[in-house]
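Protein chains get the first letters and strands the later ones, always in sequence-line order, with residue 1 at the start of each. Predicted model, so just to flag it, every value in this text is computed and none were measured.
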There are 2 protein chains.
Amino acid sequence: MPKNESAARGARTRGDRTRSERSIDVHDAALTLFAERGYHGTSMKDIAAALHLRAPSLYNHVSAKQEILRDVMVETMNDLLKVVRSAMAGTDDTVLKLRRAAEAHVRYHARHPREVRIGNHEIPALEEPHRSAITKLRREYSRMFVALIERGVEEGVFTTRSPLLSAYAILQMGIGVSMWYRPDGPLSEDEIVFHYGDTALGVVGGVSGRAGAPATEGAKRPPKRAVGSKK
Amino acid sequence: MPKNESAARGARTRGDRTRSERSIDVHDAALTLFAERGYHGTSMKDIAAALHLRAPSLYNHVSAKQEILRDVMVETMNDLLKVVRSAMAGTDDTVLKLRRAAEAHVRYHARHPREVRIGNHEIPALEEPHRSAITKLRREYSRMFVALIERGVEEGVFTTRSPLLSAYAILQMGIGVSMWYRPDGPLSEDEIVFHYGDTALGVVGGVSGRAGAPATEGAKRPPKRAVGSKK
DNA sequence: CCTACCGATCGGTAGG
DNA sequence: CCTACCGATCGGTAGG
């Protein structure tokens, strides 16, 4: 029985109208396998087997293997852009914008590891014209962070001499989370999100968050003890 | 005509004795293609074509496709471990150790993008028992960084509340470099290496390097102007 | 949802 | 280093 959590969430997205129940199952099984073994390392037979089906049956729900990859990558990138844009829109303060954007970025990677692993690994497996479209969305995404950091430098709240390098460092931090985070592991999602929110400010040379950070974001922060000591 | 630079460097490594000239060419062509399209996305015919050969000819120089992958991954991981260990061994100062380790890590990723891309992407494509061996080496590598940061916290020179999260952030930063760095791009290798050396100290909450860093490492640092303005 | 089947391609071998 | 060829597997279709 497949877990449709995120696939179901995306079921009604974009112009491709509502996806059938069974099509969601196929996408979800593919999501798991593509993330584990890669696109080229997964066969339609593998996906079918995960659903206790024969490969040809999949074609009642999807038109091609490549279509599944395209759907996953396009929806994920649009979703991520939306989430982070919305996180940034909540405030006019540049420092807080960066904190919230970094937190949203990290949280998304913790919650959707399969999607972002595929997004980061399978670009070469995506056929044109979609590969170019995804590449453009990715550039737009990183550009948001670079522009924000440049603004902070102009305002004098960040001191980094390379907003580009700082943005890349922050983005990579989140991508890394998708490679090792497990909900049942020693670090909670919030601990990771908050720690890396602080770290992002350290990366740009802003108030480090660690060395006596003001409670810029008052709510729901864990008490300041060592991270990773979940009882 | 293949460029053997790094492959040639590794030709005499490990117990597998000297590799023949032609075998180096095959490994080098495979390195490029595996890095670009992935292991499963590359056929022996593709590798042969890059050398103007037919696929069966490759088997005069390598015994199997999987063997090429194994060689690349094992040698790369051993090489990286050696380079970073040696960078750390040059001093007893924990802060400087971390700076040098981070710099060596970043520099290696800038110089060997194909190797580390494969190392980070093709773990699932590697068959046992080598996959377990590589996983163990990788854990050893990240453990070096974690242990070093823990030591700095004990000494009071770092303030991070999670050496693990800090180590992962620093490691990811370097991995990211391998995805976008180009020698003919706007940022020089040294600019990236030094900036991320500073950033690493910011990540652990040490002296940020940006905010009035002492010239801990005296030599060959570029003048302190904005990064990325190569003329 | 299945079985039967398609042409294409895969990694690899035989034999020179 | 090649041609010829092996069995296996690939994504996908026909037809029910």
Side-chain angles (χ1 to χ4, degrees), chain A residues 1-2 4 19-73 118 121-131, chain B residues 1-2 4 16 19-73 118 121-122 124-131:
Chain A
M1 190 157 309
N4 303 341
R19 214 132 67 197
S20 79
E21 293 266 331
R22 211 63 180 126
S23 163
I24 294 170
D25 291 347
V26 174
H27 277 74
D28 189 74
L31 206 47
T32 299
L33 290 167
F34 289 175
E36 279 173 4
R37 318 178 185 173
Y39 178 78
H40 291 304
T42 303
S43 68
M44 290 301 272
K45 192 180 172 186
D46 293 333
I47 298 170
L51 298 167
H52 309 290
L53 297 176
R54 314 286 172 176
S57 301
L58 298 178
Y59 292 89
N60 293 310
H61 309 290
V62 296
S63 68
K65 188 190 178 192
Q66 178 71 205
E67 181 204 56
I68 307 176
L69 180 65
R70 187 237 297 150
D71 285 352
V72 168
M73 294 193 70
I118 294 168
H121 285 53
E122 305 299 345
I123 296 176
L126 192 62
E127 294 166 12
E128 293 292 7
H130 304 99
R131 186 170 60 235
Chain B
M1 190 157 309
N4 302 343
D16 63 44
R19 213 131 67 198
S20 79
E21 292 267 333
R22 212 64 180 122
S23 164
I24 293 171
D25 292 346
V26 174
H27 277 74
D28 189 75
L31 205 47
T32 298
L33 290 167
F34 289 175
E36 279 174 4
R37 317 177 186 173
Y39 178 79
H40 291 303
T42 303
S43 68
M44 291 301 273
K45 193 178 171 186
D46 294 332
I47 299 170
L51 298 167
H52 308 290
L53 298 176
R54 313 286 173 178
S57 302
L58 299 178
Y59 292 89
N60 293 311
H61 309 290
V62 295
S63 68
K65 188 191 178 191
Q66 178 70 205
E67 182 204 57
I68 307 176
L69 180 65
R70 186 238 299 152
D71 285 353
V72 168
M73 293 192 72
I118 294 167
H121 285 41
E122 305 298 345
L126 191 62
E127 292 168 12
E128 293 292 7
H130 304 99
R131 186 170 61 233

Only counting residues at least two apart or in another chain, list the ones meeting side-chain contact (heavy atoms from CB on, under 4.5 Å) with B/H130.
B/R70, B/L126

Pairwise distance CD1(B/I68) to CE(B/M73) - rounded to 0.5 angstrom
14.0 Å

Within residues 54-62 of chain B: residues closer than 4.0 Å to DNA chain D (heavy atoms)
B/R54, B/P56, B/S57, B/N60, B/H61

Dot-bracket summary - DNA chain C, pairs being Watson-Crick or G-U whose distances fall under 3.5 Å, with | when paired to another strand
||||||||||||||||

Can you tell me how far CD1 of B/I118 sits from CD of B/E36, rounded to the nearest 0.5 angstrom?
10.0 Å

Contact interval (first through last nucleotide) of DNA chain D with protein chain B, 4.0 Å heavy-atom:
D/dC1 to D/dA4

For residues 53-64 of chain B, which residue pairs qualify under side-chain hydrogen bond (donor to acceptor under 3.5 Å, both in side chains), counting only residues two or more places apart or in two chains?
B/S63-B/E67

With sequence neighbours excluded, residues passing side-chain contact (heavy atoms from CB on, under 4.5 Å) with A/H40:
A/A125, B/H40

Got a donor-acceptor contact below 3.5 angstrom from the B/Y39 side chain to the B/Q66 backbone?
yes

Show the numbers, then the answer: is there a side chain to side chain contact (heavy atoms under 4.5 Å, CB included) between B/D25 and B/R22?
CA-CA 5 Å; B/D25 292 346; B/R22 212 64 180 122; 2.7 Å; yes

Just to verify, what does B/E127 make a salt bridge (charged side-chain N to carboxylate O under 4.0 Å, His left out) with, not counting sequence neighbours?
none

Go through the steps for A/V72 and A/E122 under the test side chain to side chain contact (heavy atoms under 4.5 Å, CB included), then give the verdict.
CA-CA 11 Å; A/V72 168; A/E122 305 299 345; over 6 Å; no

Would you be so kind as to tabulate the donor-acceptor pairs closer than 3.5 Å made by side chains of residues 41-49 of chain A, with sequence neighbours excluded?
{"residue": "A/T42", "atom": "OG1", "partner": "A/L33", "partner atom": "O", "Å": "3.3"}
{"residue": "A/T42", "atom": "OG1", "partner": "A/G38", "partner atom": "O", "Å": "2.8"}
{"residue": "A/S43", "atom": "OG", "partner": "A/K45", "partner atom": "N", "Å": "3.4"}
{"residue": "A/S43", "atom": "OG", "partner": "A/D46", "partner atom": "N", "Å": "3.1"}
{"residue": "A/S43", "atom": "OG", "partner": "A/D46", "partner atom": "OD1", "Å": "3.4"}
{"residue": "A/S43", "atom": "OG", "partner": "A/D46", "partner atom": "OD2", "Å": "3.2"}
{"residue": "A/D46", "atom": "OD2", "partner": "A/R37", "partner atom": "NH1", "Å": "3.3"}
{"residue": "A/D46", "atom": "OD2", "partner": "A/S43", "partner atom": "N", "Å": "3.0"}

